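Working notes, structure below.
Computed from a predicted structure; not experimentally measured.
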2 protein chains.
Amino acid sequence: MADDESTLQQQVWDFVYAYDAAYDRAAQAVGLSAAQACLLGQLTMGERSMGELAVELLCDPSNVTQLVARLEARGLVTRVPDPADRRVKQVSITPAGRREHRAVRRAFDFPDDRLGRLDEGEQLQLSSLLAKLLDRPGQAAAGG
Amino acid sequence: MADDESTLQQQVWDFVYAYDAAYDRAAQAVGLSAAQACLLGQLTMGERSMGELAVELLCDPSNVTQLVARLEARGLVTRVPDPADRRVKQVSITPAGRREHRAVRRAFDFPDDRLGRLDEGEQLQLSSLLAKLLDRPGQAAAGG
DNA sequence: TATTGTTATACTCTATAACTATA
DNA sequence: TATAGTTATAGAGTATAACAATA
């Protein structure tokens, strides 16, 4: 009786658990931590300052310093002072960094393995539900 | 054009990101790490050996030793040898541990805040989709 | 004086390898 | 000999506080 009422919450927990585990495996298969892969992922969408990365990664700037330092030492990102405000450093992903990140994406089998089980209609359904959960327009939100 | 095809995957990413962040905040609000809260959560469903915890938490047994040692030092779990096989240690949550874990659940606002946006029919829909993604019978899977 | 990023430091998470106790 | 758990150790993630450079 106490089981039924928690089923959806438990399913969501299990889903997130599986997703996180798959991402960790993918990053580690490429020799990166999840945090490093995540940072590289942000940079694939364009350069960012250290502070912007801290906001996006939900962590302290001093942590970003460490993460970027390790990635820079491996030649996966670069860090150059912003000419407009030399306190700021703009971080960019290098070609090698892009290759590593693509390798993570390839190793990250969760989307294909799991989302691939849904047919097109189900995927639209899921997209619509997620849009509500995220306060964003999903691909299936128009017209309900 | 390249945007549309990745929308569902991006939505799932954003959803998991928000979920993880909310859980981290909830645990830290109670003075626990996410890993510690997670371990306590397993124990709310019954005692487990160190090895079983390692399997469930997807980590090395030596890591479980450390996590349990810290929780034990704070009086949140106990660790007693199994009479049937004295190599094995059974870990149990204490009343104080249950209180701490309930505090995490209360602070974990994601389920109420987000899943609460869906009406009953939408929740059943989501449950059914998650059941397919997880290879488990969801609460709405029967008769599908 | 305020802001950006770094350094120093400390704690936790995590794994590998060597070890102890038990089976 | 094999298994469960621990210890020693090391690397990575993370935050706080003090600091440097720049604005």
Whether the side chain of [X] and the base of [N] hold a donor-acceptor pair under 3.5 Å is what I'd like checked.
X       : N      : result
B/Ser62 : C/dT16 : yes
B/Arg87 : D/dT3  : yes
B/Gln66 : C/dT14 : yes

Taking atom [atom2] of [N] as reference, at what distance in whole Å does atom [atom1] of [X] sit?
X       : N      : atom1 : atom2 : value
A/Arg48 : C/dT4  : CZ    : C1'   : 18 Å
B/Met50 : D/dT3  : CE    : P     : 19 Å
B/Arg86 : D/dT6  : CZ    : P     : 15 Å
B/Asn63 : D/dG13 : CG    : C1'   : 13 Å
B/Leu53 : D/dA4  : CG    : C1'   : 13 Å
A/Lys89 : D/dT22 : NZ    : P     : 10 Å
A/Glu72 : C/dG5  : CD    : P     : 14 Å
B/Asp85 : D/dT3  : CG    : P     : 12 Å

So which atom in B/Thr65 and which in B/Met50 form the shortest heavy-atom distance, rounded to 0.1 Å?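 Closest pair (atom of B/Thr65, atom of B/Met50, distance): CA-CE, 3.5 Å.
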Under 3.5 Å, side chain of B/Thr94 to main-chain N/O of B/Gly75, donor-acceptor pair present?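 Checked: pair present.
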Please pick, from [options], the nucleotide with the shortest atom-to-atom distance to any side-chain atom of [X].
X       : options               : value
B/Val88 : D/dA4, C/dT14, C/dT4  : D/dA4
A/Gln36 : C/dA15, D/dG5, D/dA12 : D/dA12
B/Ser49 : C/dC13, D/dG5, C/dT22 : D/dG5

Hey, are A/Arg87 and A/Asp82 close enough for a salt bridge, meaning a charged N less than 4.0 Å from a carboxylate O?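 Here A/Arg87 does not pair with A/Asp82 in a salt bridge, since their nearest N and O are not under 4.0 Å apart.
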